[in-house]
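Some notes on the structure that comes next.
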Amino acid sequence: GLTGVPDGVKAEVVADLSDGKPLAVEVQLVAGSREEETEEITRRAGELLGKMPGVAGSVGFGESKQPNVATLLVSRTADRPTAAEVRQAL
């Protein structure tokens with residue numbers, strides 16, 4: 001999973017868009033975290049997920065209104081990894 005991250009960091013699958021195969025993963029750091037920290041953790045989560053079988057890639061984005069929250073859209077080549085497998089990896 002994600003190692004060396006600040007206490008309170010959460011990564012959760014928030015949507016399994018099975019028809020098109022992508023997963024939406026929300027990354028949330030503790031309130032008051034800097035946007036740069038969120039970007040770094042989101043990048044690391046994307047790299048970790050990119051090593052999983054069936055993951056074609058991911059793209060992360062956030063909002064300046066909530067600098068401690070970002071979303072990763074994970075593109076899958078098949079029905080795997082499942083949402084449960086992604087939860088376990090993170």
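Any value given below was found using the heavy atoms of this structure, including those in side chains, with hydrogens, waters and symmetry copies removed.
- Nearest heavy-atom pair across A89 and L48 is O-CD2, 3.4 Å.
- Residues passing the side chain to side chain contact (heavy atoms under 4.5 Å, CB included) test with E35, sequence neighbours excluded: E39, P67.
- Put simply, L73 and V69 are part of two different groups of oily side chains (I, L, V, M, F, W, Y) that touch within less than 4.5 Å, one to the next.
- A salt bridge links E40 with R43; the closest basic N to acidic carboxylate O contact falls under 4.0 Å.
- Looking at residues two or more places apart in sequence or on another chain, you find a salt bridge (charged side-chain N to carboxylate O under 4.0 Å, His left out) between R34 and E36.
- Taking 4.5 Å as the limit, every side-chain heavy atom of V86 sits out of range of all side-chain heavy atoms of V74.
- Shortest non-hydrogen contact noted between P81 and L23 is O-CD1, 3.9 Å.
- Two residues are said to be in side-chain contact when any heavy atoms from C-beta on lie closer than 4.5 Å; F61 and T42 fail this criterion.
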Determine all donor-acceptor pairs shorter than 3.5 Å in which one atom belongs to a side chain in residues 49-60; sequence neighbours excluded.
none

